[in-house]
Amino acid sequence: MTFSDGNPDPTRQVLAWYDRHHRDLPWRVSPAMAARGIRPDPYRVWLSEVMLQQTTVQAVKDYFARFTAKWPTVTDLARAETEEVMKAWAGLGYYARARNLKKCAETVAFEHGGRFPETEEGLKALPGIGDYTAAAIAAIAFQRQAAVLDGNVERVISRLHAVDAPLPGSKPLMRQLVAAMTPADRPGDFAQAMMDLGATICTPKRPACALCPVNASCKALAEHDPERFPVKAAKKDRPVRLGAAFVAVDEQDAVFLRKRPGHGLLGGMTEVPGTDWTARRDGATGPEAAPFAASWESCGTVGHVFTHFELRLTVYRSRVGRAATDGTGWWEPRDTLHDQALPTVMRKAIGLALPDVFAPVAPAAARAASR
DNA sequence: AACTCGTGGGA
DNA sequence: TTCCCAAGAGT
């Protein structure tokens, strides 16, 4: 089949490329299996899609394996303790995803009889499932002709059509362009093909256009500057915030931990006591800011980069009796410390205070941050 | 519509 | 070193 301009149908070119060059991923049903009518488990599709939100395939693989081993079905996950889910998610980031994951599992298990809705609209009504994830599950798990638009597809589409309008404003246009390409017969394979193409060929820098199945149709390549796309709005600067963290250790090497509020930054995760993180350079980051009196000893500073600010956290350590602490937390034995729902920044802080508990994380970055 | 929300890896 | 960014969602 050819179009009037003489180029092959880009949709079929993309699918044919996917048949040969698709990535093998733990949550994926290969195109050969899909052709034989094998359908992926909607639970595994959903879990992988949520984990992959703004997160690399490499980072997701281990977490996906642990989650599916521990909770093989959505009902298993729905019955789990929320704290156990937060512990299993610790280190993956964007912790609202874990809270919504649990809520979504409960809704599916207890209000939908353990089955996921099969339409985009039904899926999007669930917590943690937005435009992209709803379309991806509908297409991949339920063979619905849904237009799947993620960062990879945005790059491929914006280059194919040389979309000059900047993201995110150009998203509706791009969704329309994807919808026009999405086939009725293999919508799930097509979505995954476009994402694989964006991840392996149509890359942000130095795309391998010579290997691209749709290079003959690509307007950006014809203009000799594919890297110009997608055009994006200017990003804001990342301010620095300062704070202090206090690692209290008792006679048995247990560490005093607290639970953060269930919403906002690192919501629902575990922490060591500390100050607020403020932009003020004259803010209290010394031992006088500690939640309880002790002979606090400075351990140095850890740096940590969040999405919209950079943190420099001064870390203090003290050996204290259990009676010295307030009632806002608990004492966690050092043997079970690494199983807690501690986000990476807290592991860095504890690692600086107690190098034999957590290996110091990213020492180079920590040194840079302390300057 | 513009902010908030993590982390690690690659160039 | 610094920057970018990776299968985005919620508010």
Side-chain angles (χ1 to χ4, degrees), chain A residues 23 25-28 44-64 86 89-101 103-104 123-137 139-141 146 148-156 166-169 171-172 175 178 188 190-200 203-206 227 230 232-239 241 260-261 263-269 277 303-311 341-348 361-362 364-365 367-369 371:
Chain A
R23 292 178 291 176
L25 300 171
W27 45 84
R28 179 175 280 182
R44 294 166 64 90
V45 174
W46 163 72
L47 179 62
S48 66
E49 291 300 345
V50 173
M51 286 184 166
L52 286 162
Q53 290 165 5
Q54 296 291 287
T55 308
T56 58
V57 166
Q58 190 52 42
V60 164
K61 281 182 177 173
D62 290 339
Y63 284 86
F64 180 81
M86 301 312 287
W89 197 277
L92 199 54
Y94 284 138
Y95 298 100
R97 292 186 295 174
R99 291 178 258 130
N100 286 329
L101 190 82
K103 290 183 203 158
C104 182
L123 287 160
K124 210 183 153 180
L126 295 167
I129 299 183
D131 288 334
Y132 161 75
T133 306
I137 298 173
I140 297 169
V148 175
L149 184 65
D150 77 323
N152 289 305
V153 183
E154 282 170 0
R155 196 162 51 250
V156 174
L167 285 167
K171 228 169 183 175
R175 186 169 290 107
V178 181
F190 177 75
Q192 296 177 94
M194 290 288 277
M195 292 191 278
D196 277 17
L197 195 56
T200 64
T203 50
K205 302 295 178 190
R206 297 177 61 87
E227 283 188 21
K232 294 188 176 180
K235 35 205 154 293
K236 307 187 350 180
D237 59 342
R238 182 147 42 204
R241 294 189 195 175
R260 293 178 65 89
H263 53 88
L265 186 69
L266 307 177
M269 300 298 284
W277 300 340
H304 192 74
V305 179
F306 292 92
T307 306
H308 56 292
F309 68 93
E310 173 185 340
L311 177 66
L342 288 162
T344 298
V345 61
M346 290 300 154
R347 290 171 193 252
K348 284 184 183 177
V361 182
R367 277 197 303 275
R371 291 194 198 110

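Numbers restart at 1 for each chain; the letters A, B, ... are given by sequence-line order, proteins then strands.
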Quick one: label [X] by what it contacts on the DNA or RNA (base, sugar-phosphate, nothing), any heavy atom closer than 4.0 Å.
X: A:P168; value: nothing
X: A:L92; value: base
X: A:G169; value: nothing
X: A:V305; value: base

Check the pair A:L265, A:F309 against side-chain contact (heavy atoms from CB on, under 4.5 Å), reporting the backbone distance first and the verdict last. CA-CA 11 Å; A:L265 186 69; A:F309 68 93; 3.7 Å; yes
Restricting both atoms to N or O, compile the protein contacts to nucleotides 1-3 of chain B shorter than 3.5 Å, with distance only.
none

[N] [atom2] sits how many Å from [X] [atom1], rounded?
X: A:R99; N: B:dG6; atom1: CZ; atom2: P; value: 7 Å
X: A:E310; N: B:dG6; atom1: CD; atom2: C1'; value: 14 Å
X: A:D237; N: C:dT2; atom1: CG; atom2: P; value: 15 Å
X: A:L265; N: B:dC5; atom1: CG; atom2: C1'; value: 7 Å

For C:dT11 versus B:dG6, give the span between their P atoms, rounded off to a whole number of Å.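 Per the computed distance, 14 Å lies between those P atoms.
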If we take the P atom in both B:dC3 and C:dA7, what is their distance in whole Å?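 Here B:dC3 and C:dA7 have their P atoms 25 Å from each other.
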How does protein contact run along nucleotides 4-11 of chain C, one letter per nucleotide 5' to 3', with B for base contact, S for sugar-phosphate only, - for none, heavy atoms under 4.0 Å? S-BBBSS-
Can you name the side-chain contact (heavy atoms from CB on, under 4.5 Å) partners of A:A134, sequence neighbours left out?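 For A:A134 the side-chain contact (heavy atoms from CB on, under 4.5 Å) partners, ignoring immediate neighbours, are A:L123, A:K124, A:I129.
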A:E49/A:Y132 under side-chain contact (heavy atoms from CB on, under 4.5 Å): CA gap, chis, key distance, verdict: CA-CA 9 Å; A:E49 291 300 345; A:Y132 161 75; 2.6 Å; yes
Given 3.5 Å as the limit, does a donor-acceptor pair link the side chain of A:R155 with the main chain of A:G198, or not?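 The answer is yes, because a donor-acceptor pair under 3.5 Å joins these two groups.
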Ignoring hydrogens and angles, tell me if any N or O in the side chain of A:R99 forms a donor-acceptor pair with the backbone of A:G267 under 3.5 Å.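 Pair found, side chain donor or acceptor close to backbone of A:G267.
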Please report the closest heavy-atom contact between A:A59 and A:L92, naming both atoms and the distance.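 Residues A:A59 and A:L92, closest heavy atoms: O-CD1, 4.0 Å.
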Return no unless some side-chain N or O of A:T344 is found under 4.0 Å from OP1 or OP2 of B:dG6.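 Indeed not, no polar side-chain atom of A:T344 lies that close.
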Output yes when at least one side-chain N/O atom of A:H304 is less than 4.0 Å from OP1 or OP2 of B:dT7, else no.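 Yes, such a contact exists.
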Using the side-chain contact (heavy atoms from CB on, under 4.5 Å) rule, take A:K236 and A:H308 through it: C-alpha gap first, then chi angles, then the decisive distance, then the call. CA-CA 8 Å; A:K236 307 187 350 180; A:H308 56 292; over 6 Å; no
Check the pair A:Q53 / A:R97 against side chain to side chain donor-acceptor pair (under 3.5 Å), numbers first and verdict last. CA-CA 9 Å; A:Q53 290 165 5; A:R97 292 186 295 174; 4.9 Å; no
Are A:H304 and A:F306 an aromatic pair by the rule of ring centers under 6.0 Å?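 Yes, the ring centres sit under 6.0 Å apart.
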